[in-house]
Amino acid sequence: MSRLGTITRRGLLVASAAVAGGVAFGFYRYVQDPANPLVPGAGETVFNPWVILRADGVTVITPRAEMGQGIQTTLAALVAEEMDLDWSQVRAEHGPASATYANLAVAAAGLPFIDYRDSRMKRLAEGAMDVMGHLMGTEATGGSTSTVDAWMRMRQAGAAARAVLVQAAARRLKQNPMALATEKGAVVAPDGTRIPYGALAAEAVQIAPPADPVLKDPKAWRLLGKPLPRLDMVAKVTGTATFGIDVRLPGMLFASVRANPAPGGAMRGFDAAAARTMPGVKAVVDLGDAVAVVATNTWAAFKALETVQVTWGPAPYPATTDAIMAAIASAFDRAPNSTLRDDGDVERALAGATPLSAEYRVPYLAHATMEPMNAAAHLADGVLTVWAPNQAPTVIRDKCAAAVGLPADKVTVHTTFLGGGFGRRAEFDYAVQAAKLAKALAGTPVLLTWRREEDMTHDFYRPAAIARMQGLATADGPVALTAAVAAPSVLANQARRILGFAPPGPDKILVEGLFDQPYGIPNQRVTGHVSDVAVPVGSWRSVGNSHNAFFLECFLDELAHAAGLDPVAMRLTLMRGESPRAAAVVQAVAEMSGWSSPPPAGRARGMAFCWSFGTPTAEVIEISQGPQGIRLERMWIAQDVGLALDPRNIEAQMVSGAIYGLSAAMMGEITFADGAVQQQNFYDYDALRMSQMPVFDTRILASGGHPTGVGEPGTPPAAPALANAIFALTGQRIRTLPLNKAVTFAA
Amino acid sequence: MQLIVNGTPHQITADPDTPLLWVLRDVIGLTGTKYGCGVGQCGACTVHVNGQTMRSCSLPIGDLDGAEVTTIEGIGSPATLSVIQQAWIDNQVAQCGYCQSGQIMSAVSLLQATSRPTDADIDAAMSGNLCRCGTYPRIRAAIHDAARRLQGA
């Protein structure tokens, strides 16, 4: 798998137009134009970049990070459905880093359109933005786009393979291919003759696949639309799944690293004399901005690393949380970076009135994946091989190549299972460190594992953010709303790291979840103010939506209470005429939770909504006040995923997203003192535990068309639903997260 | 010193303060047991030592001469799944899967001690095992499911 293809800009535009409108495109030309990065091994037949036939079945290349969201199973099912495979014959492999597997949908996620008005599909077809051009060729997992991106391409890959297998059987049987059927990995003739695909592979692969393979009518689906056993499940319950941290090679050494406790700060020098004499230590390596110890086992590396005396430079940002928040607030004093919604005439609507005003704040957050950052690398014979649990293998390839001074085609990246990603592993810092170690120890494979403390203090954090809200509601509902958000820009930070420049223009991600919501408030304006605070920030599950849904949905709750309106009824009124899809999920969650009846004595409910990643999601949480604090009792989630490819997996993601959001809302906070990140480990950056779980009830709506995002949309409504429930329970309106600074939760 | 891991004796030469976790992973090469926090806070490294549920990241090897250790690899393999692993599969519990070895080791201990655990029993036994994907509701369901199967119910 070393022959890596490049892809032309034109080729991708053709493909993106096809993804966009469901327009058939030249599949044959698509796979012939860029090189197929797959080279068949012994006993393998490669039909196209997604389909490898082997003696024991079909291996589907599922080129998206499996970080828990079940994506490899769903992507494999897209191919398996069209090929009429039996599920027991299907395997999934991530495959090589290649522009062939570029994620075309993720590039559009930053475009400043209002999703419920202009569908993501349409935007893709229009796709004309500089940043998109630069991101082309990036193989990445993020933005809840994997299924959206694969929806046409991978079904067509399966259908094209099936077509040539049928043709080969037709030639052999001297029959019209139209008369032949396929089932369970075999072509079946009208007389019952069965020819397994394996017996046809050699002939079939010689046949040119159709330019426009016919896709199955969804009514004929046997696999898609139904719960499938995940392909990774058996490995993950037997300890046999290989995560990055589990990669083992002959002669491998084990390393760990320490960088400035003020992330992004410089390393001025170190004294490692003591470390070098410790048992098992093989090398101490200067990585420029960090020091690494390489040893015969990870523990020896950890222990020796602690003895290294390092002189660190100052933090490149204000030294305390208070100073950082003041710097973020100062962005309000500058002209906005964006005004992506400006409906009606806000000034006129507010003139002479006494609007409700409130300021909301959220803290920096860590991703805290269960598997700490790690990567393995081996440099030998002028070739660098990297094993990394990562969300962007082509970026990893290019950055590691640059770090060791090799051309990209001399770097191979193996993407292992990820022990959680949540956006953290869209970065490349850990892999570049491993590549540098491989260069320093050329010929010896090295596995770099960060201590949890290094992971917690060197994240690319969800930025802190501040919102200033003003609104006016009458007995008929809100008539005016202004929302100004100030935060460091995730988009600019990531673009600078990956592309070397920040794209000009409005930062949509800063205000997503606020400017793009289906509320027909006649006068509303949303502005985004970019702060340049240099704390490293990155994508955190649901990105801008993670804070903006908290701001908007809590403030709408405030407006509803101020005007004496029911929060659900008020939202339904605002959604009328804007989006029936949105209204349907709100109606569903109200019905599921019995919203129209009062909660049981001693309990209270809160509701919130967010349209993110193409998917409207509504959540209601019911809580109680117990002797040890507030308990989460029940939670209802309704979500419209367009088309539900695997309902059981979608249900898992709805609940997963909500729990991730609840953990952050209740207790998540990264703070700074003397420039350093204060939180170190799970004892001071914890998450929800089994004993704190509410009982979940979910409903998937499928309004039709194509699948929309699933991995992230469950997260944004969780925090505001809970904060609104706390108001309903206690009368306390909490406008600053985490909530445990204001109330006590039961353990 | 000697360790008996999943029934197999191993002669170990390592610094006595090396935690069992790293001996399992980096010396013996059993990578099913995971590193999560190093301070007994997350449960990803849970194993059984002489029948007791332990966090292997915080157990110096020097105290374990002759100990019998069971890891996830000793509970069942893909070809010989235990009842509890089968319950995990049937309930499609795992997402990223990184914490699941530790979750299963804690659940095995729970079911050995309490044949029909209540939700409160599950809360008490499992709250030391962190899961960032939020698989808790399915873990709970799988434990109840495994308990029924082990009782032949």
Between Phe682(A) and chain B, which part of the residue has a heavy atom less than 4.5 Å away: side chain, backbone, both or neither? both

Go through Leu21(B), Val39(B), Asn129(B), Val27(B) and name the one with the most non-hydrogen pairs under 4.5 angstrom from chain A. Val39(B)

Regarding Arg452(A) and Glu371(A), does a basic nitrogen lie under 4.0 Å from an acidic carboxylate oxygen? no

For chain A, the option from Ala14(B), Gly128(B), Cys37(B) that forms the most heavy-atom pairs under 4.5 Å: Cys37(B)

So is Arg541(A) actually on top of Tyr660(A)'s ring, under 6.0 Å and inside 45° of the axis? yes

If we define contacts as heavy-atom pairs under 4.5 Å, which of Gly134(B), Gly97(B), Cys99(B) has the most with chain A? Gly97(B)

Contact part of Leu228(A) toward chain B, heavy-atom cut-off under 4.5 Å: side chain, backbone, both or neither? backbone

Contact winner vs chain A - Ser77(B), Cys133(B), Pro137(B), Gly32(B), heavy-atom pairs under 4.5 Å: Cys133(B)

Apply side chain to side chain contact (heavy atoms under 4.5 Å, CB included) to the pair Trp387(A) and Asn374(A), showing each step before the final yes or no. CA-CA 9 Å; Trp387(A) 293 260; Asn374(A) 67 82; over 6 Å; no

Select one option (side chain, backbone, both, neither) describing which atoms of Ile84(B) are under 4.5 Å from chain A's heavy atoms. neither

Any chance the side chains of Thr46(B) and Arg55(B) put a donor and an acceptor closer than 3.5 Å? yes

Ser691(A), Ser663(A), Pro279(A): which one forms the most heavy-atom pairs within less than 4.5 Å of chain B? Ser691(A)

In terms of heavy-atom pairs under 4.5 Å with chain B, the winner among Ala241(A), Gly280(A), Ala368(A) is Ala368(A)

Do you know which of Pro229(A), Pro694(A), Ala652(A) has the most heavy-atom pairs under 4.5 Å to chain B? Ala652(A)

Chain B: which of Gln653(A), Glu66(A), Met252(A) shares the most heavy-atom pairs with it under 4.5 Å? Gln653(A)

Part of Val93(B) lying under 4.5 Å from any heavy atom of chain A: backbone

Can you say whether Arg648(A) sits under 4.5 Å from chain B via the side chain, the backbone, both, or neither, judging by heavy atoms? both

Looking only at Ile659(A), Thr240(A), Thr238(A), the option with the highest number of non-hydrogen pairs under 4.5 Å against chain B is Thr238(A)

Pairwise distance CZ(Arg132(B)) to CE(Met67(A)) - rounded to 0.5 angstrom: 14.0 Å

Ring-face cation contact, Phe417(A) with Lys236(A), 6.0 Å cut, 45° max: yes

Under a 3.5 Å threshold, yes or no: a donor from one side chain and an acceptor from the other, between Gln85(B) and Ser82(B)? yes

Which bit of Asp455(A) is near chain B, if near means a heavy-atom gap under 4.5 Å: side chain, backbone, both or neither? neither

If you count heavy-atom pairs under 4.5 Å between each of Glu73(B), Gln86(B), Met126(B) and chain A, which one has the most? Met126(B)

Hydrogens and angles aside, do Ser542(A) and Thr715(A) bring a side-chain donor and acceptor to less than 3.5 Å of each other? no

Any idea which of Ile245(A), Leu447(A), Val655(A) has the most non-hydrogen atom pairs under 4.5 angstrom with chain B? Ile245(A)

Do the charged groups of Asp459(A) and Arg462(A) touch, with an N to O distance under 4.0 Å? no

For the residue pair Tyr35(B) and Trp22(B), categorise the inter-ring angle as parallel (less than 30°), tilted (30 to 60°) or perpendicular (more than 60°). tilted

When rounded to the nearest 0.5 angstrom, what is the spacing between CG in Leu20(B) and OG1 in Thr71(B)? 9.5 Å

What part of Ile104(B) gets closer than 4.5 Å to chain A, counting heavy atoms only: side chain, backbone, both or neither? side chain

Identify which of Gln100(B), Lys34(B), Arg138(B) forms the greatest number of heavy-atom pairs closer than 4.5 Å to chain A. Arg138(B)

Check: Asp121(B)/Thr114(B) side-chain N/O donor and acceptor closer than 3.5 Å: no

Region of Asp246(A) in contact with chain B, defined by heavy-atom distances below 4.5 Å: both

